[in-house]
Amino acid sequence: IEHLARLIRSCGNARDLRQAQRLNCAIHGRGIDRRHGSYLSNLLVEMYGKCGSAADSFAVFQRARDRNLYSWNMMLQAFAVNGDLSSAKNLFDRMPQKDVVSWTAIMAALAANGRLNEASLLFDSLPCPNLVSRNVMLAAYAKAGHLESAWKAFNAMGERSVASWTSMIQPLAELGKVEVAQQIYDRTPMWNVITSTSMLAAYTQSGNFDMALEAFDSMPEINVVTCTVMISCYAACFQIEEALKVFDSMLERNVVTWTEMVHAYADLGHLEEAKLLFYQMPCWTLVPWNVMLLAYAMAGHLEDAKLMFETSPSRSVFSWTAMIQAYSCRGDFAQAEDILLCKIPMMDVVAANTMLATYTLAGCTDKAERLFETMPVRD
RNA sequence: AGGCCUACAAACCGU
């Protein structure tokens with residue numbers, strides 16, 4: 001049974017939906033999940049959530065014979081991480097009991113969807129906040145760039161964990177304050193591989209590639225994320241050979257690692273290599289599809305872009321925006337605008353701005369103005 | 001009865 005549990009967990013961690021479905025069939029088909037209380041069904045609910053399918057999670061949840069607080073919290077989390085806040089709230093309201101984990105999961109989901117105020121209000125109403133719920137709020141402030149509030153929350157904490165310290169690093173780098181991030185990193189009383197990888201990412205994202213290399217060389221412990229960051233670091237300084245060296249030397253790779261390598265090839269203009277690697281991926285998320293789609297779009301390969309769009313398992317606003325670019329690059333403004341105004345099921349400000357920029361750059365001021373007037377969202 | 005499995009920090013996509 002522990003063997004099965006391990007299999008389920010590793011499948012969730014690999015984000016491999018196909019494998020998840022196979023496992024679920026094998027387990028449920030033999031009725032194994034019915035014989036072990038809520039343990040296995042809980043793990044299956046979690047697995048599907050991680051693989052991006054809240055619907056499959058819910059199916060398992062509903063057919064489960066025994067449900068405990070863990071089951072409800074895992075289902076809640078499955079909805080939350082997949083961006084289905086309304087289902088999460090619905091479930092939350094129907095929970096027979098709730099604990100601080102349930103509240104914290106909702107808070108984190110609100111914050112992740114840009115609803116910081118609601119998260120903050122919820123936090124203030126928590127009957128008994130703990131270290132994790134405080135960390136969630138802290139990280140939410142930090143990521144939103146509300147450094148004052150973040151520091152206030154940080155300083156108010158009676159007890160801190162590695163996560164509390166690590167949460168302060170990344171946002172500083174994003175605001176161009178790498179030195180401050182480094183000062184915190186140097187002063188941290190506790191750190192682990194995540195902390196040092198955050199610092200590495202901070203250097204990479206701020207363009208301090210030499211610092212990144214130095215940091216990497218002196219890291220006492222690395223993992224798959226660390227190496228993936230190094231691939232993006234080498235890609236950012238146009239060292240495709242070095243990026244590939246890291247990729248080839250990795251003992252463990254996940255879907256992000258693969259995506260990053262495909263992205264590196266695509267970004268540096270090696271479309272054929274990108275394509276080869278893309279089709280070799282052991283499993284996909286939507287991101288690599290969009291990476292390939294955009295690469296083709298920007299290279300003017302409209303037919304290839306269309307093919308990616310049509311064959312991808314699903315489409316997000318990223319995919320649609322890439323198609324706007326694909327048509328724009330070919331000068332087919334009518335098709336591009338048709339996508340924006342008629343076809344996108346989820347238009348946002350970036351998609352609209354993309355079209356606007358196309359018109360502006362092409363000197364079609366009249367069309368740009370007309371579009372601007374009718375844009376449902378502006379920034 | 002208790003334990004196990006759930007919430008927090010690092011890497012990938014569009015103007």
Side-chain angles (χ1 to χ4, degrees), chain A residues 1-2 5 8-9 36-43 45-46 49 68-78 80-81 99-109 111 130-140 142-143 161-171 191-202 204-205 223-233 235 254-264 266 285-295 297-298 316-325 328 348-358 360 379:
Chain A
I1 194 77
E2 272 314 312
I8 298 174
R9 260 185 228 114
H36 295 89
S38 48
Y39 187 55
L40 282 185
S41 344
N42 285 356
L43 286 172
V45 168
E46 188 194 21
N68 56 14
L69 185 53
Y70 280 103
S71 328
W72 286 87
N73 281 339
M74 281 160 150
M75 193 56 239
L76 191 64
Q77 178 70 352
V81 298
D99 65 359
V100 64
V101 174
S102 334
W103 291 96
T104 308
I106 292 280
M107 259 175 53
N130 63 11
L131 179 57
V132 173
S133 40
R134 280 186 255 272
N135 280 344
V136 169
M137 226 31 246
L138 167 64
K143 274 186 196 143
S161 66
V162 192
S164 326
W165 286 92
T166 308
S167 299
M168 299 304 298
I169 291 177
Q170 159 66 17
W191 52 270
N192 59 18
V193 64
I194 300 185
T195 321
S196 34
T197 303
S198 301
M199 201 57 231
L200 185 69
T204 298
Q205 284 154 22
N223 64 18
V224 60
V225 178
T226 319
C227 296
T228 306
V229 174
M230 281 316 291
I231 293 177
S232 70
C233 178
N254 61 26
V255 64
V256 179
T257 315
W258 282 87
T259 307
E260 192 73 70
M261 196 61 226
V262 169
H263 192 199
T285 63
L286 223 207
V287 178
W289 288 89
N290 286 341
V291 168
M292 288 305 297
L293 166 54
L294 185 68
M298 300 308 277
S316 67
V317 65
F318 293 88
S319 331
W320 288 98
T321 308
M323 285 312 289
I324 294 180
Q325 312 251 67
S328 295
D348 69 359
V349 68
V350 178
N353 285 346
T354 302
M355 195 64 237
L356 195 59
T358 296
T360 308
D379 67 359

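Every value quoted in this text rests on a predicted model; they were computed, and no experiment measured them. So that the names make sense, note that chain A is the first sequence line, chain B the second, and so on, each numbered from 1.
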Check step by step if side chain to side chain contact (heavy atoms under 4.5 Å, CB included) holds for A/N290 and A/L293. CA-CA 5 Å; A/N290 286 341; A/L293 166 54; 4.1 Å; yes

Between B/A9 (C1') and A/M168 (CE): distance, integer Å: 12 Å

Check every atom of B/A7, B/G14, B/C13 against the side chain of A/V291 and return the nucleotide holding the closest atom. B/C13

Heavy atoms under 4.0 Å, any strand shown: does A/V317 hit a base, just sugar-phosphate, or nothing? base

A/A5 near the nucleic acid: base, sugar-phosphate alone, or nothing, with a heavy-atom cut-off under 4.0 Å? nothing

I'd like to know if A/N223 reaches the base of B/A10 with its side chain, counting only an N/O donor and acceptor under 3.5 Å. yes

Under 4.0 angstrom between A/Q77 side-chain N/O and B/C5 OP1 or OP2: no

Walk me through whether A/S161 and A/N135 qualify under side-chain hydrogen bond (donor to acceptor under 3.5 Å, both in side chains). CA-CA 8 Å; A/S161 66; A/N135 280 344; 3.1 Å; yes

For residues A/T197 and A/I194, determine if any side-chain heavy atom of one lies less than 4.5 Å from a side-chain heavy atom of the other. no

Out of B/C12, B/G14, B/A9, minimum distance to the side chain of A/V162 belongs to B/A9

Name the nucleic acid region contacted by A/A163, choosing base, sugar-phosphate or nothing; use a 4.0 angstrom heavy-atom cut-off, strictly under. base

Provide, to the nearest angstrom, the distance between the CD atom belonging to A/Q205 and the P atom belonging to B/C13. 9 Å

If the condition is side chain to side chain donor-acceptor pair (under 3.5 Å), which residues does A/T360 pass it with, not counting sequence neighbours? none

Nearest of B/C13, B/C5, B/A10 to any side-chain atom of A/F318? B/C13

Could you tell me the separation between the CH2 atom of A/W320 and the P atom of B/C13, rounded to a whole number of Å? 22 Å

Base, sugar-phosphate alone, or nothing: which one does A/A322 contact when heavy atoms must sit under 4.0 Å apart? nothing

Which residues share a ring pair (Phe, Tyr, Trp, His ring centres under 6.0 Å) with A/W191, sequence neighbours left out: none

For nucleotides 1-4 of chain B, list the nitrogen or oxygen atoms of the protein found under 3.5 Å from its nitrogen or oxygen atoms, one pair per line.
none

For A/K143 and B/C8, is the shortest distance between a side-chain N/O and OP1 or OP2 below 4.0 Å? no

Closest to side chain of A/V350, choosing from B/G14, B/A7, B/C5: B/G14

Separation of atom CD in A/E260 from atom P in B/A11, rounded to whole Å: 10 Å

Closest to side chain of A/A201, choosing from B/G14, B/A10, B/C5: B/A10

Measure from the side chain of A/T354, starting at C-beta and using heavy atoms only, and say which of B/U15, B/C5, B/C13 lies closest. B/U15

Can you sort out the partners of A/T228 under side-chain contact (heavy atoms from CB on, under 4.5 Å), two or more places apart, ordered by chain and number? A/V224, A/M250, A/V256, A/T257, A/E260

Send over the distance from A/W191 CH2 to B/A9 P, rounded to a whole Å. 20 Å

Tell me: CG of A/L286 to C1' of B/C13, nearest whole Å? 9 Å

So what does A/V287 hit on the nucleic acid, given a heavy-atom distance under 4.0 Å: a base, only sugar-phosphate, or nothing? base

Using a heavy-atom cut-off of 4.0 Å across all strands, would you classify A/S198 as base, sugar-phosphate, or nothing? sugar-phosphate

Rounding to a whole Å, what distance do you find between A/I231:CD1 and B/A10:P? 19 Å

Using side-chain contact (heavy atoms from CB on, under 4.5 Å) as the criterion, list what pairs up with A/S196, not counting sequence neighbours. A/Y185, A/M219

What verdict does the side chain to side chain contact (heavy atoms under 4.5 Å, CB included) test give for A/E46 and A/I8, after you've listed the backbone C-alpha separation in whole Å, the side-chain angles of each residue and the deciding distance to 0.1 Å? CA-CA 9 Å; A/E46 188 194 21; A/I8 298 174; over 6 Å; no

What nucleotide, of B/A9, B/G14, B/A11, holds the atom closest to the side chain of A/S167? B/A9

What contact category does A/V136 fall into here, base, sugar-phosphate, or nothing, at under 4.0 angstrom with non-hydrogen atoms? sugar-phosphate

Base, sugar-phosphate alone, or nothing: which one does A/D348 contact when heavy atoms must sit under 4.0 Å apart? base

Nearest to side-chain heavy atoms of A/I194, which nucleotide of B/A10, B/C5, B/G14: B/A10

For A/N68, side-chain contact (heavy atoms from CB on, under 4.5 Å) partners two or more places apart: A/S38, A/N42, A/Y70, A/S71

Proximal nucleotide (of B/C13, B/U15, B/A9) relative to the A/N353 side chain: B/U15

Expressed as a whole number of angstroms, how long is the span from A/W289:CH2 to B/C13:P? 19 Å

Listed nucleotide nearest any side-chain atom of A/S232, set B/A10, B/A7, B/A11: B/A11

Ignoring hydrogens and geometry beyond distance, is the side chain of A/N135 in donor-acceptor contact with the base of B/A7 at under 3.5 Å? no

